[in-house]
Amino acid sequence: MKSIILIGYMGSGKTTVGRQLALSLGVTFYDLDWYIEMRYHRTVAQIFAEKGESGFREIERNMLHEAAEFQDIVLSCGGGTPCFFDNMEYMNSLAETVYLKASPEVLAMHLKMGKVERPLIKGKTDEELLQYIRESLQVREPYYTQARHTLDVTLLDNYDKIKISVQLLREQLGLVKV
Ligand code: S3P
């Protein structure tokens, strides 16, 4: 099996869908942010605070190269991963890439439901968050749409909906159970 890499904006469900997809395929799941945190013994928020965004992006690229070399895995990236250096080209060269596409409203809902601290959106009001998502999504979409596959994601607020998304994704990738 070619490895599968999930990309998309913060809150698109990369980790949630990726973990379930890996489970259903019986392969190992990696989340790039968690991988970075494990390798550096620092949270992503701490790395942003200590090294700034550019320092984080360097680390992110290096860790992408490490994690993506593992065989037969599902890897979910950070929302910014495809938008820096030649990361998108690199991912397309060795994996099935999937863009989890969601509307700004769904992204905002997911982000509000989530507990992870995300430096780029910290302290924003609901209105500021939606505005920020709309603007930065426009900048990032040209990178995201370079993925080989796109999965439209609606609100993932219960397990059944997550399972449906995983099933749809498996169908798209030609990995349906027989
Ligand atoms: C980022 C997304 C985060 C994390 C970092 C920067 C981004 O990952 O890598 O906070 O630039 O969109 P998630 O998409 O998993 O939240």
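Just so you know, ligand 1 is whichever comes first in the structure, and atom 1 is the first atom listed for that ligand. Keep in mind that the numbers below use all heavy atoms, side chains included, and drop hydrogens, waters and symmetry copies.
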Participant: Please lay out, stage by stage, how Glu60 and Thr81 fare under the test side-chain hydrogen bond (donor to acceptor under 3.5 Å, both in side chains).
Facilitator: CA-CA 7 Å; Glu60 184 181 45; Thr81 316; 2.8 Å; yes
Participant: Considering only residues two or more places apart or on different chains, which pairs with a residue in residues 15-26 satisfy salt bridge (Lys or Arg N to Asp or Glu O under 4.0 Å)?
Facilitator: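 Of all non-adjacent pairs touching residues 15-26, none passes salt bridge (Lys or Arg N to Asp or Glu O under 4.0 Å).
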Participant: Show, in sequence, the C-alpha distance, side-chain angles and deciding distance for Gln46 and Tyr40, and conclude whether the side-chain hydrogen bond (donor to acceptor under 3.5 Å, both in side chains) test is met.
Facilitator: CA-CA 10 Å; Gln46 282 169 335; Tyr40 280 77; over 6 Å; no
Participant: Please enumerate all residues that pass ring pair (Phe, Tyr, Trp, His ring centres under 6.0 Å) together with Tyr99, with sequence neighbours excluded.
Facilitator: Tyr144
Participant: For Asp157, give me all partners under side chain to side chain contact (heavy atoms under 4.5 Å, CB included), at least two apart in sequence or on another chain.
Facilitator: Met113, Leu155, Lys161
Participant: Which N or O atoms of ligand 1 sit under 3.5 Å from a protein N or O, and how far apart is each pair?
Facilitator:
unit_1: ligand 1; atom_1: 8 (O); unit_2: Asp33; atom_2: OD2; d: 2.8
unit_1: ligand 1; atom_1: 9 (O); unit_2: Asp33; atom_2: OD1; d: 2.8
unit_1: ligand 1; atom_1: 9 (O); unit_2: Asp33; atom_2: OD2; d: 3.2
unit_1: ligand 1; atom_1: 11 (O); unit_2: Arg57; atom_2: NH2; d: 2.7
unit_1: ligand 1; atom_1: 11 (O); unit_2: Gly80; atom_2: N; d: 3.4
unit_1: ligand 1; atom_1: 11 (O); unit_2: Arg140; atom_2: NH2; d: 2.7
unit_1: ligand 1; atom_1: 12 (O); unit_2: Gly80; atom_2: N; d: 3.3
unit_1: ligand 1; atom_1: 12 (O); unit_2: Arg140; atom_2: NH1; d: 2.6
unit_1: ligand 1; atom_1: 12 (O); unit_2: Arg140; atom_2: NH2; d: 3.4
unit_1: ligand 1; atom_1: 14 (O); unit_2: Lys14; atom_2: NZ; d: 2.8
unit_1: ligand 1; atom_1: 14 (O); unit_2: Gly79; atom_2: N; d: 2.8
unit_1: ligand 1; atom_1: 15 (O); unit_2: Asp33; atom_2: OD2; d: 3.3
unit_1: ligand 1; atom_1: 16 (O); unit_2: Arg118; atom_2: NE; d: 2.6
unit_1: ligand 1; atom_1: 16 (O); unit_2: Arg118; atom_2: NH2; d: 3.2

Participant: Quick one: is the NZ or CZ of Lys124 closer than 6.0 Å to the six-membered ring centre of Tyr132, and within 45° of its axis?
Facilitator: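 Yes - Lys124 lies over the ring of Tyr132, closer than 6.0 Å to its centre and within 45° of its axis.
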